[in-house]
Each structure stands twice: as C-alpha cells, then as structure tokens.
Amino acid sequence: MNKNNIGYLLKEGVRGVFLHGFRSFAAVCVTVACLIIMGSFCLISLNLNVMVSELESENEVLAYIDENYSEAEAKSVGSQINMIANVKNAVFVSREKALEQFVSEQDDASIFEGIDAETLRDRFEVTLVDNTIMKQTVSDIEQINGVVKTSAHYEISDGFQTVRNVLNLTSAVIILVLLVVSLFIISNTVKLALYDRKEEIAIMRMVGATNSFIRLPFIVEGFLLGIIGSVIAFFIEWGVYDLLAERIEAMDTLQLFRIIPFTTVLPFVLVAYLITGFLVGVMGSMLSIRKFLQV
Amino acid sequence: MIELKDVELTYETGTKALKGVTLTIEDGEFVFLVGPSGSGKTSIIKLMTSELTPTAGTMFVNGFHLESIRARDIPYMRRTIGVIFRDFRLIADKTVYENVSFAMRVIGASDAEIKKRVPYVLELVGLENKGRRLPNELSGGEQQRVAIARALVNNPSMIIADEPTGNLDPQRSLEIMMLLEQINSLGTTVMVVTHAMELVNRFTKRVIAIDDGLIVSDGMDGYYTNE
Ligand SMILES: Nc1ncnc2c1ncn2[C@@H]1O[C@H](COP(=O)(O)OP(=O)(O)OP(=O)(O)O)[C@@H](O)[C@H]1O
Ligand SMILES: [Mg+2]
C-alpha cells in the first residue's frame, strides 16, 4: 500500500465521520458519557483505596515484652521484630510512656494518679506492610523470645479489606458494562455507515479492491469516534474532578478526606482514556465489518 | 483465457443451476451467451467473478484456478475482468468522472495514473464532455457507457456484460453493442449475455446457447429460438 492510498483511506475515514454528522455526534456523546462514568469510578475507587490504606496503616499491632526484660533487652527484641518481612516499622514504647499515653486518653486522669508504671509492660507498636496477612505476621511476632502477648484488631483489617474488595469489584463490573456499551455504540454507528455505502462496497469488490482497502476507511471512522470521545471525556473528567475536589475539601472541615490532585493522575488518566478510546473504536468497527464483509 | 470443465453449480436451496458446463473462450474473442430465463447465464458469470464457487468441475480464468482460489487472491483475479450489469450500478452521488476514477482509486492507482486514464476511457465511450454530470442527469444509454468506462478503466483482459442492453431501447442497444465490439477490436475479450436475439443475429459472432444448466449449442452461425 503506497503513501497515496494511505492518504486516500484516511480521508475517506474522516469523510465518513462528517458525512454522518449527527450519528457520529451521538456515538461520540455516548462514548464520552461511558468514559466519564468509567473514569469517575476508577478515580473514586483510587481515592478511597488510598484513604483506606492510610487508615489501615494506623491499625497497629501491639507486641508486649516480658516484664522481666530490662529496657535495653526489650529494645533488642525490636530488631528481631523488624526482621520479619511484613513488618514496616516497630516503635518502642516504654512502660512509662505507655502509662502517660493511657492516662492522657482518660477523661478523669486523677483516678490513675499514683499508679506505678511497673504495672504495665514495655511494648512495640508494629505497623505492617500488608495488613491482609496480619494473622500470619502476628503469629511470627509471637514466636520471638521476649514477646509475651500481642494485641491486634483483625476485625478492623478485615473490614478494610471488605471495603476495598467491594469497591474494586463494583468498579470492575461498571467498567466492563460500560465498555460493552461503548463498543456496541461504535460498532452500530459503523454498521450504519456500512449499510449506507453498501453499493459502493459492492462496486469496490467487483472491481477488485482488497478487503483491507475496503475495511480501512471504516476502521479509521471507528478509530476517530473513539479517540474524539476519549479526548473530550478526558477534559470533562478533569474539570469535574477538580470542581468536586474543591467542593469536598471546602466542606471537609475535619480533614477526613485527602483527595489526590488530578495533576498527579493526569498522565495515567489520559493514557487510559486514549487506549480505551482507541480499542473501543477500532474493535467496535471491526466487529461490524467482520459481520458485514464476509467473503 | 477462460476454461470451464464439467462445471456444476447447486445453490443452497438445492436448485441445480449448472449441470456440467464445458467451454473455452480464447483471449480476444467476442462471444454471446444466450438462453432462456433461468437457464444459468448469470450463474456462469457469478462463477467467473468468484462470487460463487463451483460445486464440481474446474474453472481456469485469466491465470487463476477458481475452484481452489484463495480468498486473498480473489481481488487480483477480479481486476482481470470488467463487469457490466443491466442496471448500470453507478454511485448516485458521484459524478461520471468520479464513478470511473473510483474504480481505479480502490485498487490503489495513483493520482497521476487516474488523471491520465480516466479521460481516455471517457472519450472511448463517447462521454468526454459529461464527466461532471451525475448519473441521474444522463440517459440510460449514457449511464451504461459510464459503466463500460468503469469496467474498462483498470485495463482488464476481459469484459463480461450481463444483459447490458436489457434496459435500453433498440437504437441505444445497438450502439452499446457496437461499442463493445469496438472495445473487443482493441484487444479485450468480450462476453455478452443477452436475450436480444435480433441483436445477436446482426453480428456474426460466436454464440454459446445454454438451456437448463447445459450448453446446447456453440458456434458462429447465430442463434434462432422459438422461445
Ligand atoms: N441465489 C440463488 N439461490 C437459489 N437459486 C438461485 C439463485 N440465483 C439463481 N437461482 C436459480 O438458478 C437458476 C439459474 O439462474 P440464473 O440467474 O443463472 O439464470 P439466468 O439464465 O441468468 O436467467 P435470466 O435470463 O432470467 O437472468 C434458476 O433456476 C434460478 O432460480
Ligand atoms: Mg441473469
């Protein structure tokens, strides 16, 4: 195929988009809508995942040290805890410090005045890399000499895990459904274009045009619909995201939410949109062409 | 060259359209293919253009074995044949010039080739001044000339016409037939399917007659029927 042909085929594809202006417009609109919903779910999911991870990392395991150990001995247990692969960090809290912390958390601190720090144990506040295998790690910690007791909130870590799973699954299902919807829309638009030009196609076959020559303008048409859709969707997504982020941050006086700035995810969103637009456009048109251009 | 040997064609409906056709057409020949309605004329053309594959027998068309041709070779085989139909089959929203250049375009010809070739074939069919007209601004005879120009533009070795004069009055029909004869005299093989017996008998050409899927006569002495 020479340069001459490529130019002609591209021109034909572009012509197709404009020739069927309203239909193309409708297809682009639906694609844009689908991409925005897909993108929004991904971004919401991403934000929530990050928030959940942050909350999760505050879910510490406490490892209590044998009260007969001196502070120096207790600290040496810490290096062993740190050697466990899944341990991110183990912070030593002396019994005095623990008492202080405990007392300060009580409404009526006076009750506890005079309690001897010796009644408490030295401890490590251990944060994990991966909270999903908390149970395993806790039992590893318990194997260490000098660790007499641990306390961990499995229900919290399980809860976070469930939230995350539900979130990811919902997003995946919605994305899948919308992918199919946009694939169908573009496929249908190209199918109508094929029907419109049935006679032209018959003549092309008759005079000996190759199948790839017949197909290419329609693939270009689908490709353009997909790419135009993805570019528009990207900019709308950007605007809507920034707007919502601003609103949420303004309302969120407690600073509960921390929203990822769009500029951080911008390259990722752009590439994801372009790839999705490209695939949906090209695959959508190929689906129709395959059905239409048999033999 | 075209060579059919014991060609049979059975449609999916079970209709046996061709029941063992054997015939040879040499390069440069002009032949009429005649026969009553439903005898299998169009079926033979569809086989020659690889729209259909024979159920049995062998077919050799311009260097291609059609009974076993690969799908990706079919376009190249078709470029050796120009086809003309009774209903012209022009693209309504393209001008005469565009209808003809389209056929070159879609097989990958360059602008330069197109600019050179299209005016030449339009002149050959006598439409050099009508390039900018749309098909519906032309008479039936003129439209058929556009179709002939389109069939010729890629310089095929053979022209196949399925009832090219079926929609035309006797005078236009004669003109089209004379144009095809002229094209043949320039070296292109021509096969014309027709019902117009008086027209056939005005030319002294080879006439192949088919009836009920079988060749019933083949010769130079015209064709008479009591149909
Ligand atoms: N697509 C098809 N499916 C099934 N049967 C068909 C098909 N096309 C043609 N036939 C049958 O095959 C036989 C030959 O048809 P064909 O079109 O070749 O005849 P023909 O000689 O061209 O007739 P006409 O002069 O009327 O054009 C007829 O009996 C016809 O009904
Ligand atoms: Mg017929």
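Here is how names work: the chains are called A, B, and so on, in the same order as the sequence lines, proteins then strands, and each is numbered from 1. Keep in mind it's a predicted model, so treat the numbers as computed, not measured.
When the shell of 6.0 Å around CE of Met1(B) is examined, it contains more than 12 heavy atoms from other residues, nucleotides or ligands. Residue Glu246(A) qualifies as open at atom CD: its count of foreign heavy atoms under 6.0 Å is 12 or below. Under a cut-off of 6.0 angstrom, the local environment of CZ in Phe184(A) is sparse, with at most 12 non-hydrogen atoms contributed by other residues, nucleotides or ligands. Residue Phe60(B) places its CZ atom among more than 12 non-hydrogen atoms of other residues, nucleotides or ligands, all under 6.0 Å distant. Taking a 6.0 Å sphere around CZ of Phe64(B), one finds it holds more than 12 heavy atoms contributed by other residues, nucleotides or ligands. Applying the 6.0 Å contact sphere to OH of Tyr11(B) captures more than 12 heavy atoms from other residues, nucleotides or ligands.
Rounding to the nearest 0.5 Å places OG1 of Thr49(B) at 11.5 Å from CZ of Arg205(A). Put simply, CD1 on Ile81(B) and CE on Met206(A) are 11.5 Å apart, with the number rounded to the nearest 0.5 Å. Interatomic distance, Ile203(A) CD1 to Asn99(B) CG, rounded to the nearest 0.5 Å: 6.5 Å. Note that the CD atom of Glu199(A) and the CZ atom of Arg89(B) stand 9.5 Å from one another [nearest 0.5 Å].
Under the 4.5 Å side-chain criterion, counting only non-hydrogen atoms from C-beta, Arg105(B) is not in contact with Val207(A). Ile107(B) is not listed as a side-chain neighbour of Phe213(A), based on a closest heavy-atom distance of 4.5 Å or more.
In terms of non-hydrogen atom pairs under 4.5 Å with chain A, the most contact-rich of Lys94(B), Met77(B), Arg72(B) is Lys94(B). The most heavy-atom pairs under 4.5 Å with chain A, out of Ile91(B), Val106(B), Leu90(B), come from Val106(B).
In this structure Asn188(A) satisfies the side-chain hydrogen bond (donor to acceptor under 3.5 Å, both in side chains) test with no other residue, sequence neighbours excluded. Every residue two or more places apart in sequence or in another chain was checked for a side chain to side chain contact (heavy atoms under 4.5 Å, CB included) with Thr53(B), and none qualifies.
Among residues 139-168 of chain B, the residues having any heavy atom closer than 4.5 Å to a heavy atom of chain A are, in sequence order, Arg150(B), Asn154(B). Taking 4.5 Å as the heavy-atom cut-off, none of the residues of residues 175-187 of chain B approach chain A.
For Ala71(B), no part lies under 4.5 angstrom from a heavy atom of chain A.
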